[in-house]
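Throughout, protein chains are lettered first and strands after them, A, B, ... in sequence-line order, and every chain is numbered starting at 1.
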2 protein chains.
Amino acid sequence: MCSSFDPGKCPTVSEMLSRLGDKWTVLIIMVLRNGPQRFSDIKRTVVGVSQRMLTLTLRALERDGMVRRTVYATVPPRVEYELTELGRSFSEPIQAFGGWVFENYNQIHAARAEFDARSEAERGNDKLIKIG
Amino acid sequence: MCSSFDPGKCPTVSEMLSRLGDKWTVLIIMVLRNGPQRFSDIKRTVVGVSQRMLTLTLRALERDGMVRRTVYATVPPRVEYELTELGRSFSEPIQAFGGWVFENYNQIHAARAEFDARSEAERGNDKLIKIG
DNA sequence: CTGGATCCGATTCGATACTG
DNA sequence: CAGTATCGAATCGGATCCAG
């Protein structure tokens, strides 16, 4: 058990944070919010994901209890993935975070533009100094 | 501008998510919540961070408008970092996420234990089948 | 003290080929 | 259809050295 939710004190928190950071986890969770999906459906919906990464990501989510995997003994095989209750709950703070970024989109990009302009200017000054 | 906060439709959202995923950003933000800090203070507090990564992470946060960097023209130089209003606001959904993990810590670890036991059992069965 | 530059090992991930 | 196995390219990050 961890003493607090400080990522520095709770490895699990930082693990889950880096989960969020990988390219596919969040996308897949969002897709699964629409209900159970087959492997190939997810692959089709999450544009650009490779078979390998889809498998690995789903496995990790399954291991953490976020996703339930159901195999139907048909031929060809049919495997369905769906969010567990835990997984659905997990998706809430993620949505909240996405919402925050969306709301503050303009401020972030304004800050970047200003920072980049400033850097550009400094490089320009350096040039002048060196030339002069 | 993005059409929604779906990471698939808004590159900025996925950028910020992968920020969370890197090893240091969240730790540094949490440290800065305690007020302005000097470079070496942060380095001392965030155990294990290299000079390089601290610099890079702070630069990225500064560029996004989360952190303000103030240089005092003393010798030796003194540089202070502090959260901006945007940065402080940014830390809220992060805290919320950390809180969620903390609250659901037990469920996550229970799921992992079960998953690992199951995998272990399957490997065991495979062995028996192969041997038998 | 702050932080830029470089080198290099480790990890990540996509592409490809193969299996039940 | 739903994976597993393997390989190579790219990226990441720590260690080290240097500078204002």
The nucleotide from C:dC1, D:dA2, C:dG3 with an atom nearest the side chain of A:Arg69 is D:dA2

Could you please spell out the steps behind the side chain to side chain donor-acceptor pair (under 3.5 Å) verdict for B:Asp116 and B:Ser119?
-> CA-CA 5 Å; B:Asp116 293 346; B:Ser119 307; 5.1 Å; no

d(CG, A:Leu54; P, D:dG3) in whole Å = 8 Å

May I have the distance from A:Lys43 (atom NZ) to D:dA2 (atom C1'), rounded to whole angstrom?
-> 11 Å

A:Arg33 side chain to A:Ser91 side chain, donor-acceptor N/O pair below 3.5 angstrom = yes

Just how far, in rounded Å, is P of D:dC1 from CG of A:Leu58?
-> 16 Å

For atom CD of B:Glu85, is the number of surrounding heavy atoms from other residues, nucleotides or ligands below 6.0 Å larger than 12?
-> no

Protein proximity profile, nucleotides 14-20 of chain C - base contact B, sugar-phosphate-only contact S, no contact -, cut-off 4.0 Å on heavy atoms | BB-B--B

Do any side-chain nitrogens or oxygens of B:Tyr81 fall under 4.0 Å of OP1 or OP2 in C:dC1?
-> no

Could you tell me whether A:Glu120 and A:Arg118 make a salt bridge, using a distance below 4.0 angstrom between a side-chain N and a carboxylate O?
-> no

Nearest-Å distance for atom pair CG/P, residues A:Leu56 and D:dT6 = 14 Å

Out of D:dA2, C:dG3, C:dT2, whichever nucleotide has its closest atom nearest the side chain of A:Val79 = D:dA2

Find the distance A:Arg38:CZ to D:dG3:C1' and express it as a whole number of Å.
-> 13 Å

Under 4.0 Å between a side-chain N/O of A:Ser40 and OP1 or OP2 of D:dA2, yes or no?
-> yes

Give a yes or no on this: more than 12 heavy atoms of other residues, nucleotides or ligands lie within 6.0 Å of atom CD of A:Glu15.
-> yes

In whole angstroms, the gap separating P of D:dC1 from CD of A:Glu80 amounts to 14 Å

Starting at atom CZ of B:Phe39, determine the distance to atom P of C:dT2, rounded to an integer number of angstrom.
-> 7 Å

Distance in angstrom units between A:Glu15 CD and C:dT11 P, rounded = 16 Å

In terms of heavy-atom contacts, does CZ of B:Arg69 have more than 12 from other residues, nucleotides or ligands at under 6.0 Å?
-> yes

Does the side-chain contact (heavy atoms from CB on, under 4.5 Å) test come out yes or no for A:Thr70 and A:Tyr81, once each step is laid out?
-> CA-CA 6 Å; A:Thr70 310; A:Tyr81 294 89; over 6 Å; no

